[in-house]
Engineer: 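Pasting a structure here, questions to come.
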There are 2 protein chains.
Amino acid sequence: MTVVRLIPAGDGFDLMAGDALLLHHRPASPALFVGTGTADVDAYRGNYVLSDRLDARIPLTHSTIDSTPAGAVIWLAASAGTPPLLRIAVDDAGLALTALDPALNRFWLRCVAEPGERLWGGGEQLSYFDMAGRRFPLWTSEPGVGRDKSTQMTFQCDRDGRSGGDYWNTNYPQPTYVSSRRYALHLDTTAYSCFDFRDPAFHELEAWEVPARIELFAADRFAAIVGQLSTRFGRQPRLPAWSYEGAILGLKQGVESFARMEAMIAAGAVVSGLWCEDWVGLRVTSFGKRLFWDWKANETRYPHLREWIAALADRGIRFLGYVNPYLAIDGSLYGEARAAGYLALRQDADEPYIVDFGEFDCGVVDFTNPAAADWFADRVIGREMLDYGLSGWMADFGEYLPTDVRLHDGTDGMLAHNAWPTIWAEVNARAIASRDRTGDALFFMRAGFTGVGAHCPLLWAGDQCVDFSRHDGIGTVIRAALSSGMMGNAYHHSDLGGYTSLYGNVRTPELLMRWSELCAFTPVMRSHEGNRPDDNLQLDGDPTVLAHFAAMTRVHAALASYVATLCDEAAKTGLPVQRPLMLDWQDDPDCWGIETQYGYGRDMIVAPVIEPDRDRWTAYLPAGATWVHLWSGTQHDGGRTVEVDAPPGRPPVFWRAGSPHAGLFAAIGDMA
Amino acid sequence: MTVVRLIPAGDGFDLMAGDALLLHHRPASPALFVGTGTADVDAYRGNYVLSDRLDARIPLTHSTIDSTPAGAVIWLAASAGTPPLLRIAVDDAGLALTALDPALNRFWLRCVAEPGERLWGGGEQLSYFDMAGRRFPLWTSEPGVGRDKSTQMTFQCDRDGRSGGDYWNTNYPQPTYVSSRRYALHLDTTAYSCFDFRDPAFHELEAWEVPARIELFAADRFAAIVGQLSTRFGRQPRLPAWSYEGAILGLKQGVESFARMEAMIAAGAVVSGLWCEDWVGLRVTSFGKRLFWDWKANETRYPHLREWIAALADRGIRFLGYVNPYLAIDGSLYGEARAAGYLALRQDADEPYIVDFGEFDCGVVDFTNPAAADWFADRVIGREMLDYGLSGWMADFGEYLPTDVRLHDGTDGMLAHNAWPTIWAEVNARAIASRDRTGDALFFMRAGFTGVGAHCPLLWAGDQCVDFSRHDGIGTVIRAALSSGMMGNAYHHSDLGGYTSLYGNVRTPELLMRWSELCAFTPVMRSHEGNRPDDNLQLDGDPTVLAHFAAMTRVHAALASYVATLCDEAAKTGLPVQRPLMLDWQDDPDCWGIETQYGYGRDMIVAPVIEPDRDRWTAYLPAGATWVHLWSGTQHDGGRTVEVDAPPGRPPVFWRAGSPHAGLFAAIGDMA
């Protein structure tokens, strides 16, 4: 399919993205605008309020088109007789933009909207998979706690820490969308941007610089578009088999963690990894027990840790830790980094820029300095983590780069902020490559931006509340998987049990069981004790919950050979393992709007129970196949909504009759 | 003082307002911008969320100046060689603006800001008297309940009814400010506007049309500027003496109200009016007991009301009622108005536009139809109210005009919305004039806009919460008096006891006593039973509270002769009766920032206790006088902050030694 087609039209032009009319530019209804403004940034512990002091917004009503050997060039001006302000070179893959006045730092694009159009992507979106009708600022940040201005939780978090968030807040934004009109658009910029899908007549895309390119993708099949995006933004290496052959237990009770793991194995859990984020030691704050941000083993909390790790390895159990790109000022690495000049500086002094992370302060390693990035990859992650014996870690944060920081390479903080998660991913990937462990050692990130998938092998959905709430509970991890999958990220998972427990909101047995069920059908099944382990029920704190979890780990492990084929497919095509139903069942339009189910590959439909007090659940099954209910074996024709029994232990899962994996699925159904 | 002075400067110009540099217009830093946009209006029961879909914002960087016999004319364009977009004729009192492209519907003006500059006005502002550092949208609406996003009350109201509000919400906005740089600026427009005082370098004034004029005022003395504004926007008639010679009791218990009034008189209260808003009958909703919006006496609830009114009149007690500009569809006047074609219509049908007022629906009388306005003034207010015997009323509402209404004279609802309160005031004033009762019959309004003072004799501060909260409690009525006073409104008062009781927030004895103290030192002392009388303590519900109230009515009545002189002064100069300290004490800059005290005329300083649990209170006393504490007689030099005993019954009030009213004040101090 020809992706980009320019059609001159008298005093304007049309631009096609595949078969879709994307731009309809006329003097009275221009599609392009440039301007100038000054950003107001109000930041507090990873939460940002950005606003614009706008000076000018100039509709580029006057256009002329030159034909050149390299293709068409469009010159755009405010009016006839005034100098052009924007040059656009049209090529097969999009538009290359050049601002002709260096003062221009605002850009708006109006794309044609159609009634009923669906819009997917925007990075990893937690509240809405279909973005139609809403506005999505794209700026990496804390995702918010509550994320819904009508909830008491959000109110309290906004009041006490400005941290309540809203539906669009995300750790991983990306200025890319896929339209149901069978095209995708990407703004090539790391500036703050905003996708506004509220107007029935147009989508307005805003960026706080003139993007270098507007990249376009088109294909008849959505799956092909996702494949193109995966190729463009980076395709992950296959997941290591150990990561999906059993559960990864998240425990952080010092050496007690080992005994608790043994008890869970004794209860029947299949365990392939032990994740102790407290391997660096603890710091107690009002938010909960937090980690000591000096990235080396704490052998006071974990005596003989090297030996423990070796003993686990002998049993095929990997040990995982935790790291992030900041250094606590009271840790030893901070002093090393400061002495070497590896820290980002303040604008007003040759002093490290100190960031408040909530009752403790940190320096920011300046990854724009190649020596600093090398130091972090080799000296910190390489020597202190991989060489020590770790097989993986949570590579946390990446969203907090201050916009008023002074960086080694001179990049403006407003442009570096969104780029940081991808740079942070690259440092982690480079460390792993330096020890030749790519495809074996595994790190996972919540932060992201354009290109994160080229480096980060596995996303995690960030910090959900320990509840069933609409915008911050268990259900949000499904939308996160669907939206990030549309960007070409093949692998996604979540904190089993959720993370954030505040204001008396604590885990229930039911929540832990429902989350275990969900995670059993994601490629990595990793538990988390949450921010306040002592106040919350843990998987091993209730025999029923533990038995249920153990059963789900067995289901998860039994799916390993199927997941291996999904990893193969992902490596080949870029299709995500958890995927929107319409990628495989595009011809059934009833699939397009489904946000709370996913295909686990083409042969399995997962519809997790994400509400409390439910013994039955409904699921939509795509037309064009017959579907077998995993637990009862009952067959259902596709193209309809079915209701099934779904007590704890029986997550609503269906497999495609005729699947080459039918035998495996049937056997799993019999495991109950 | 020359108010307006244009100083051409090469490729731009400066404009002086008095001695202050107001505009510094240069190609690289233009002061004027025009543009186009489309308003998004989300309205719900008087609460509005307005946002702009901006198409263009054009800095008018190119200017040329013509000298004409009538004065200078400035032609402004986007750039040299493009047609001018704005014509400005400069005269002695400001700038007359003409948009030269009819599509232009957005306007921005950047005025020079100075460090430490204070900015007062914006109509009646409840949260901040000094607007420096904040942004103030100017759109008449419900003021919000809570008005502070950090409070539980605001959260609940936002969640349940979108009614929480914010610091800038007000019934009475006005696009006018007074600068401490000794000038005032007014935008002559009824469009939505916004004053943004956040930038240290400039004030940005926005309007959703090109205003007809930018009016400027300047004088060395702030009091003179206020006088100019009062002349411009309308000077009230003197208050009728009866309105300040005793308290006006707000009771709404049908005929039981008369007996309760007698009991309060028997307890020692001085009463000059009885205000029964339920004179029209009741309607019970979830918000509380509301009134039946069909503006005629309900002789079921008030049998023999005419005779009652006559009997009260014989004792010098006036009877007051209630009216607003809407007609309940289940009332008789609605049918009359509808049949006559006096109701505003829908855009999409020749049917009355129906507004939801919270569990009941109303039509909107279309005052742009002169016949409808005459009908309401003569048939409704004239015949049903004045002729029936009423001497006054609350003229409620005025803020709810839908923006998508179809009006008789064709005015766009977006431009009519802000104009409506002033039009509504005019209808009331005309009714009173038609019965030759101007200066005798009295109505009071919470809604307002530019020019409301020309018609409305008395403002009231709207619906406070029944508490001491910072943004919605008793203290807000002081800021409301100060800010509206700066606009030239001489007379202000509040609901004694507050109005809104929701979510278990109820009046305390202390609140009633502190509010009685405050109201004793305002020109009109009017009590209100609130939205939920049965759930709340009333003045006659507690012997201590009643005795305290009665004592305060005696203080209030004793002040009548002093208030009469303040009314004389207001009529002559436009100075408000309750006034910012700096109007009389401008040479003491420590007075300029005071927001919780007021001068009651020049000779009295009132510093009401507006926090709970206080037995002592501090007050600032202006330099240049000696001040006598009303209750103790202790003398204090001015120019300092003093702390005094302030138990209930002893509101912190000081009078100026040497005042011609010293004898009266001393006698009042001895009344205790």
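So you know, we letter chains A, B, ... as the sequences are listed, proteins then strands, and number each from 1.
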Engineer: Salt-bridge test for B/Arg110 and B/Asp199: reply yes if a basic N is under 4.0 Å from a carboxylate O, no otherwise.
Structural biologist: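 Salt bridge absent between B/Arg110 and B/Asp199.
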Engineer: Checking heavy atoms, do the side chain of B/Asp160, its backbone, both or neither come under 4.5 Å from chain A?
Structural biologist: neither
Engineer: Once rounded to the nearest 0.5 Å, what's the spacing between atom OG of A/Ser51 and atom CZ of B/Arg135?
Structural biologist: 9.0 Å
Engineer: If you count heavy-atom pairs under 4.5 Å between each of A/Asp40, A/Thr82, A/Thr151 and chain B, which one has the most?
Structural biologist: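 Of the candidates given, the most pairs with chain B belong to A/Thr151.
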Engineer: Quick one, B/Tyr177 with B/Phe197, criterion ring pair (Phe, Tyr, Trp, His ring centres under 6.0 Å). Give me CA distance, side-chain angles, the key distance, then yes/no.
Structural biologist: CA-CA 11 Å; B/Tyr177 70 82; B/Phe197 297 122; 5.4 Å; yes
Engineer: What part of B/Gln152 gets within 4.5 angstrom of chain A, counting heavy atoms only: side chain, backbone, both, or neither?
Structural biologist: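 Both parts, backbone and side chain.
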Engineer: Heavy-atom cut-off 4.5 Å, strictly under: side chain, backbone, both or neither for B/Asp158 against chain A?
Structural biologist: neither
Engineer: When rounded to the nearest 0.5 angstrom, what distance separates OH in B/Tyr48 from CG in B/Asn169?
Structural biologist: 12.0 Å
